[in-house]
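Here the structure is laid out as structure tokens; the discussion comes afterwards.
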There are 2 protein chains.
Amino acid sequence: MSDGDSGRKRILDSAAFILRTKGFGAARLSEIAQGAGMLAPSIYHHFKSKDEVVEEVMLSGIYRNTRHIVAKVEVLGPETAPVDRLRAAIVAHVEFLLSGDDYSSAVARSFGDLPSEMKQRVLAAYATFDSYWRDLLVAASPSGNDAQTTVARKFLIAMLDSCPSWYRAGRLGPTQIANQAADLFLGGFAP
Amino acid sequence: MSDGDSGRKRILDSAAFILRTKGFGAARLSEIAQGAGMLAPSIYHHFKSKDEVVEEVMLSGIYRNTRHIVAKVEVLGPETAPVDRLRAAIVAHVEFLLSGDDYSSAVARSFGDLPSEMKQRVLAAYATFDSYWRDLLVAASPSGNDAQTTVARKFLIAMLDSCPSWYRAGRLGPTQIANQAADLFLGGFAP
DNA sequence: ATATCTGCCGAATAGCCGTTCGGGAGCCTA
DNA sequence: TAGGCTCCCGAACGGCTATTCGGCAGATAT
């Protein structure tokens, strides 16, 4: 959010921050504008509506989150065990969320509250993200049961996405939380 | 929500349903009133403000959810292993959420979006619920590490609370989902 | 210097939503 | 019959918010 950035980017950065911290329902255009160093009407010079700003934040969040995870997984050798690929994805997702990326956190926080019309449009982009997780889980699944991995995926993503809502910088760093998430999901709490 | 109920209860039931399905940010007083079979101003005969309605829904949701879980756990004999007590709690929580209790689902969905002032008040009631989980986890924890069980608790509750947002009645019933949640959390995905 | 384009502001508007107020219908009590 | 109480409605108000519009400063170009 430095002053050198273009007005458009400043608006998106500010909106991502607001959506992450306050959620969609409490995101006011005036506050987004303030974070971008301008007043509310000035936003309309860059965007057609408030919803357009929000939608672009959501799409950016999904894209960059997906890119980050895929990169961290695919950097592993092709002979890496599926479980280790899944572990890498979990760690990458949590670290990305907790490292302070407002866009991905905004998605985790506000996606469920989006107006249904916008939600369906964003869902198309989300499908890429979702199916990547599906492939990872299916490959690593011992049982191979389809319904089970689907439910497990829902649980996993909900679990990981909750991080930004309760994590506070303290004794445990993002990497430790990320590894614990992987241990917990893969190995269980009381094996 | 039958017609025989008092106006006050009809309002609370309707509000719980709205909060569960649309979330706090999109909950309109007019829609709550409509679900209760009346018009918006009539609500003020029973409650002082919209926030008061919401707060009572949250408190009821927490109370009845806690009661339900505690009952299902404490019915087990005193010699039941801690892991089995934890398992019973997980199953009870998921079943309660998915059985269609709007109050507990409303808490799971809308608690994070509450205005901070109300949130702190509700948090006091939530502490009972939270500490019960803490005790269950500590007792069942193999490591006994405090920070680890705290993080595990956050992950667990987030995981379970997400159920109402993605569950659709179909092949898998609430009980099956509940058992799978317990298996997943306790045993892990790829042990 | 004139014209033009970009990026922003000030003022104003329209709509939605929570809230207030006065009153009316039904019912119980005396 | 008269009074009072419960529960609800109709109308209206005020505040907040997204949005529109006209204009102005600064940079750039001609």
Side-chain angles (χ1 to χ4, degrees), chain A residues 1-59 106 110 113-119 121-122, chain B residues 1-58 106 109-110 113-119 121-122:
Chain A
M1 263 198 277
S2 70
D3 287 357
D5 294 333
S6 77
R8 186 182 173 85
K9 184 176 188 310
R10 266 157 42 213
I11 292 170
L12 290 171
D13 284 347
S14 173
F17 178 77
I18 302 287
L19 287 172
R20 166 202 162 161
T21 52
K22 313 231 174 176
F24 177 81
R28 309 278 159 237
L29 203 57
S30 59
E31 201 171 354
I32 293 175
Q34 185 182 344
M38 59 182 73
L39 293 175
S42 304
I43 290 184
Y44 289 84
H45 193 262
H46 303 273
F47 297 91
K48 216 174 54 189
S49 68
K50 175 189 174 187
D51 280 10
E52 198 180 274
V53 178
V54 173
E55 186 165 335
E56 192 154 329
V57 169
M58 293 292 132
L59 293 177
S110 298
D113 296 333
L114 260 40
S116 60
E117 184 190 331
M118 188 197 305
K119 197 175 195 168
R121 246 172 296 136
V122 176
Chain B
M1 264 198 276
S2 71
D3 286 357
D5 294 333
S6 77
R8 187 182 172 85
K9 184 176 188 312
R10 267 158 40 214
I11 292 169
L12 290 172
D13 284 347
S14 172
F17 178 77
I18 302 288
L19 287 172
R20 166 199 162 161
T21 51
K22 312 231 173 175
F24 178 81
R28 308 279 158 236
L29 203 56
S30 59
E31 201 172 354
I32 293 175
Q34 186 182 344
M38 59 182 72
L39 293 176
S42 304
I43 290 184
Y44 289 83
H45 189 68
H46 302 272
F47 296 91
K48 217 174 54 190
S49 69
K50 176 190 173 186
D51 279 10
E52 198 179 273
V53 178
V54 173
E55 187 165 334
E56 193 154 327
V57 169
M58 292 292 132
R109 165 84 196 255
S110 298
D113 296 333
L114 260 40
S116 60
E117 183 190 333
M118 187 196 307
K119 197 180 206 164
R121 247 172 294 136
V122 177

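Below, each value reflects all heavy atoms present in this structure, side chains not excepted, and no hydrogens, waters or symmetry copies.
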Using a 4.0 Å heavy-atom cut-off across all strands, classify Ala27(B) as base, sugar-phosphate, or nothing.
-> sugar-phosphate

Kindly say whether Ile43(B) contributes a backbone atom to a donor-acceptor pair with the side chain of Lys50(B) at under 3.5 angstrom?
-> no

Measure from the side-chain heavy atoms of Leu29(A) and tell me the nearest of dC8(C), dT19(D), dG18(C).
-> dT19(D)

Output all residues satisfying side-chain hydrogen bond (donor to acceptor under 3.5 Å, both in side chains) with Arg28(A), sequence neighbours left out; order by chain, then residue number.
-> none

Please examine the side chains of Glu56(A) and Arg8(A), heavy atoms only from C-beta on, and report whether any two atoms are closer than 4.5 Å.
-> yes

Please tell me if the side chains of His46(A) and Ser6(A) come closer than 4.5 Å, counting only heavy atoms from C-beta onward.
-> no

Please state how far atom CD1 in Ile32(B) lies from atom P in dT19(C), giving the value in whole angstrom units.
-> 11 Å

Under 3.5 Å, side chain of Arg109(B) to main-chain N/O of Leu19(B), donor-acceptor pair present?
-> no

Atom CE of Met38(A) and atom C1' of dC8(C) are separated, to the nearest Å, by 8 Å

Roughly how many Å is it from CG in Leu39(B) to C1' in dG23(C), rounded to a whole number?
-> 15 Å

Sort and list the pairs that fulfil salt bridge (Lys or Arg N to Asp or Glu O under 4.0 Å) and have at least one residue in residues 31-49 of chain A, not counting sequence neighbours.
-> Lys22(A)-Glu31(A)

Ignoring backbone atoms, test whether Arg10(A) places a side-chain nitrogen or oxygen under 4.0 Å from the OP1 or OP2 oxygen of dC8(C).
-> yes

Between CZ of Arg8(A) and C1' of dT6(C) the distance, given in whole Å, is 15 Å

Starting at atom CZ of Phe24(A), determine the distance to atom C1' of dA18(D), rounded to an integer number of angstrom.
-> 12 Å

Quick one: Gln34(B) CD to dC17(C) P, roughly how many Å, whole number?
-> 12 Å

Which residues in residues 40-49 of chain B have at least one heavy atom lying under 4.0 Å from any atom of DNA chain D?
-> Pro41(B), Ser42(B), His45(B), His46(B)

Interatomic distance where NZ belongs to Lys50(A) and P belongs to dG15(C) [whole Å] | 19 Å

